[in-house]
Amino acid sequence: MKKLMYLPHELIIQILLRLPVKSLIRFKCVCKLWLTLVSDPHFAISHFQLNSATPNPRILIISTPASLVRSIDLEASLHDDSASAELNLNFIHPQSSVEIKGSCNGFIYDFASMCLWNPSNGVHRQIPSSPYNSNCFYYLDGFGANTWKEMEGIYLPYMNAGDNSRVGSLVNGAIHWVAFNSDTSMDVIVAFDLAERKLVEMFLPDDFNIDSNFYELWVFGEFLSLWVRGEDAVEIWVMKEYKVQSSWTMTLVLPMDDYFSPICCTIKGDIIGTGSTGLVKYDDKGQLLEHRSYGVVPHGSQVAMYVESLLSLPVDSV
């Protein structure tokens, strides 16, 4: 008779910690021990921390109303059906509107339903409205903390800049917005440091075309970046050295027929965004690689990027 191989429990844990979230969720069915282990919040935190250096980012598409939800592996071909899956959003009514305000640690924040949702494991939770709501129309939204806190004694001369989105970009532990400074009458970048809870102002590039049709912050690789849409192209600007205005560099120009908004980039530098034909992918030289509709309609779908995680709520580190 063949002898069964014995693996110490500690070694099993170390192996499982290095597996992707999708596999771990399936492995809950192996035995009660693995179900208990993978469901343990401490295991989820350890898994997230271990894999945070090499995350597995995905694109989430939610049609508006919320009748169709799809998760897509952005490292795969847009035509690889095995790399995408429909998700269940049964805690939101199919005819309800959706307003994604960002993602953090695998969670998506929907402002319309005031709900945090982890698309990887289905965990969701309603969160209370801010007790500090005011009648101010010009507000800036972001997602990166787990409690409402009021900051007193801070002067805020900022409001939403033009028609730009109010959703913040999370980089280097801070949420960033393009905002209008009413004191200087200038568009600037405002960063809120989540750890130190203070605001920092940064300037746009000197040669930036502020009179263009549309521009917005995003994260290009590991850098804080800007994209600006002109009449026939989209320019990509990158801040090579954080908080240093002189380090802004225009790195790429993407030809555009009528509509394109960058969302994220792959590990090898391909750029994925929304266009008139749905999701569109360019290479790092600005050449069109592929596109697919996925039912994406400009201004009719919510599209966001998130990383896979096993995290649940409440967790102090979320």
Side-chain angles (χ1 to χ4, degrees), residues 20-22 24-25 28 38-49 51-52 55-72 74 85-133 139-151 165-171 173-177 192-195 197 218-219 263-264 301-318:
V21 171
K22 183 178 180 180
L24 290 171
I25 292 176
K28 285 184 176 183
V38 176
S39 303
D40 188 332
H42 297 290
F43 178 89
I45 295 173
S46 297
H47 180 272
F48 183 80
Q49 292 174 341
N51 293 276
S52 59
N56 183 23
R58 299 181 69 89
I59 293 176
L60 187 74
I61 302 174
I62 305 179
S63 63
T64 303
S67 58
L68 178 64
V69 184
R70 181 172 293 275
S71 174
I72 303 167
L74 64 86
E86 290 191 18
L87 301 181
N88 190 351
L89 201 61
N90 56 7
F91 56 91
I92 295 179
H93 191 277
Q95 297 305 314
S96 298
S97 62
V98 176
E99 193 175 353
I100 298 176
K101 289 297 186 181
S103 65
C104 180
N105 291 4
F107 286 90
I108 296 288
Y109 171 41
D110 174 31
F111 179 76
S113 65
M114 294 298 290
C115 189
L116 293 180
W117 173 47
N118 185 335
S120 301
N121 58 13
V123 170
H124 61 275
R125 178 157 299 181
Q126 204 84 15
I127 61 174
S129 300
S130 169
Y132 312 110
N133 282 342
Y139 56 89
L140 302 170
D141 287 324
F143 171 46
N146 65 340
T147 57
W148 292 112
K149 290 187 179 180
E150 183 176 17
M151 298 173 59
S165 168
R166 298 169 182 161
V167 179
S169 296
L170 184 62
V171 186
I175 305 176
H176 301 73
W177 302 270
F192 175 64
D193 189 297
L194 293 167
R197 301 193 180 279
W218 71 311
V219 182
I263 301 172
C264 54
S301 300
Q302 293 283 309
V303 183
M305 187 181 71
Y306 73 99
V307 296
E308 291 189 307
S309 81
L310 292 167
L311 296 175
S312 299
L313 292 169
V315 175
D316 292 339
S317 61
V318 174

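Reckoned from all heavy atoms, side chains included, excluding hydrogens, waters and symmetry mates.
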Distance, nearest 0.5 Å, that separates [atom1] of [X] from [atom2] of [Y]:
| X | Y | atom1 | atom2 | result |
| --- | --- | --- | --- | --- |
| Leu194 | Cys104 | CG | SG | 7.5 Å |
| Ile263 | Leu74 | CD1 | CG | 9.5 Å |
| Lys22 | Glu308 | NZ | CD | 8.5 Å |
| His124 | Asp110 | NE2 | CG | 12.0 Å |
| Leu310 | Leu24 | CG | CG | 5.5 Å |
| Ile175 | Ser169 | CD1 | OG | 9.5 Å |

Counting only N and O atoms by type, is there a donor-acceptor contact under 3.5 Å from the side chain of [X] to the main-chain atoms of [Y]?
| X | Y | answer |
| --- | --- | --- |
| Asn121 | Ser312 | no |
| Asn105 | Ser309 | no |
| Glu99 | Gln302 | no |

Residues in side chain to side chain contact (heavy atoms under 4.5 Å, CB included) with Ala85, at least two apart?
-> none
Among Val219, Leu170, Val171, which one satisfies side chain to side chain contact (heavy atoms under 4.5 Å, CB included) with His176?
-> Val171
Taking every non-hydrogen atom, the tightest pair across [X] and [Y]:
| X | Y | result |
| --- | --- | --- |
| Asn88 | Trp117 | O-CZ2, 4.0 Å |
| Met305 | Ser103 | O-OG, 2.6 Å |
| Phe48 | Val307 | CE1-CG2, 4.1 Å |

Name all residues meeting the ring pair (Phe, Tyr, Trp, His ring centres under 6.0 Å) criterion together with His47; count only those two or more places apart in sequence or in a different chain, and write none if there are none.
->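 So His47 forms no ring pair (Phe, Tyr, Trp, His ring centres under 6.0 Å) with any residue.
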Indicate yes or no: at least one non-hydrogen side-chain atom of Ile61 is less than 4.5 angstrom from one of Ile72.
-> yes
Trace of the side-chain hydrogen bond (donor to acceptor under 3.5 Å, both in side chains) decision for Ser120 with Tyr306 | CA-CA 10 Å; Ser120 301; Tyr306 73 99; 4.8 Å; no
